[in-house]
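Taking it in order: structure first as structure tokens, then the write-up.
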Amino acid sequence: MSEESLPTDALPEYAERVLEAAESIPSGHVMTYGDVAEWLEEGGPRQVGRVMALYGGAVPWWRVVRADGALLPGHELDALGHYRDEGTPLKEASRASEGHLPRIDMRRARWDGGERAQGHT
């Protein structure tokens with residue numbers, strides 16, 4: 001396979017960086033779409049969300065979340081299974097909440113980038 005054919009198969013550089021950030025989030029923790037963009041110092045929540053929607057299936061996608069802690073629509077049960085397996089802090093749903101699904105306890109589950117954040121590129 002020649003190098004000329006690689007770019008069509010290769011991920012855009014920004015997408016690679018977003019996916020690397022998702023992979024770096026420790027088990028049991030989350031970052032918001034905006035957190036990832038801020039950590040990368042590029043793009044914004046919508047750009048990160050787009051990358052995750054297109055390419056995120058091969059990384060721990062459930063660790064990149066909405067800022068309100070709501071589970072990803074259409075993937076709630078898959079995500080919930082991962083959160084429970086990893087011990088991600090959740091807030092149990094109130095009876096009034098739609099679908100009675102818990103939310104992520106963002107105060108306890110949110111990861112700030114830890115030590116790696118000091119030297120990110």
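Keep in mind it's a predicted model, so treat the numbers as computed, not measured.
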(request) Could you walk me through whether Met31 and Asp112 pass side-chain contact (heavy atoms from CB on, under 4.5 Å), step by step? (result) CA-CA 7 Å; Met31 289 180 92; Asp112 65 1; over 6 Å; no

(request) Not counting sequence neighbours, list each pair that qualifies as a salt bridge (charged side-chain N to carboxylate O under 4.0 Å, His left out) and has a residue in residues 43-61. (result) none

(request) Output the distance between atom CZ (Arg110) and atom NE2 (His29), rounded to the nearest 0.5 Å. (result) 12.5 Å

(request) State which residues pass side chain to side chain contact (heavy atoms under 4.5 Å, CB included) with Glu13; sequence neighbours excluded, sorted by chain then number. (result) Arg17

(request) Quick one: closest heavy-atom pair of Trp39 and Gly113, and the distance? (result) NE1-CA, 4.0 Å

(request) Rounded to the nearest 0.5 Å, what's the gap from NE2 on His75 to CG on Leu80? Could you check? (result) 14.0 Å

(request) Mind listing the closest non-hydrogen atom pair of Ala37 and Pro45 along with its distance? (result) CB-N, 4.2 Å

(request) Considering non-hydrogen atoms only, spot the tightest contact between Gly28 and Pro89 and give its length. (result) O-CD, 3.5 Å

(request) Measure across Ile104 and Ala109 and return the closest heavy-atom pair with its distance rounded to 0.1 Å. (result) CG2-CB, 3.6 Å

(request) State the OG1-CE distance between Thr32 and Met106, to the nearest 0.5 angstrom. (result) 6.0 Å

(message) For Tyr14 versus Gly43, what's the shortest heavy-atom pair and its separation?
(response) OH-CA, 3.6 Å

(message) Less than 4.5 Å apart, side chain to side chain, heavy atoms only: is that true for Val18 and Gln47?
(response) no

Under 3.5 Å donor-acceptor pairs involving side-chain atoms of residues 56-73, not counting sequence neighbours:
{"from": "Trp62", "atom 1": "NE1", "to": "Glu86", "atom 2": "OE1", "distance (Å)": "3.3"}
{"from": "Trp62", "atom 1": "NE1", "to": "Glu86", "atom 2": "OE2", "distance (Å)": "3.0"}
{"from": "Arg63", "atom 1": "NE", "to": "Glu86", "atom 2": "OE1", "distance (Å)": "3.2"}
{"from": "Arg63", "atom 1": "NE", "to": "Glu86", "atom 2": "OE2", "distance (Å)": "3.4"}
{"from": "Arg63", "atom 1": "NH1", "to": "Ile25", "atom 2": "O", "distance (Å)": "2.8"}
{"from": "Arg63", "atom 1": "NH2", "to": "Glu86", "atom 2": "OE2", "distance (Å)": "2.6"}
{"from": "Arg66", "atom 1": "NE", "to": "Asp68", "atom 2": "OD1", "distance (Å)": "3.3"}
{"from": "Arg66", "atom 1": "NH2", "to": "Asp68", "atom 2": "OD2", "distance (Å)": "2.7"}
{"from": "Asp68", "atom 1": "OD1", "to": "Ala70", "atom 2": "N", "distance (Å)": "2.9"}
{"from": "Asp68", "atom 1": "OD2", "to": "Arg103", "atom 2": "NH1", "distance (Å)": "3.4"}

(request) Nearest 0.5 Å please: distance from the OG1 atom of Thr88 over to the NE2 atom of His82. (result) 10.5 Å

(request) Report yes if some heavy atom in the side chain of Asp35 is under 4.5 Å from a heavy atom in the side chain of Trp111; otherwise report no. (result) no

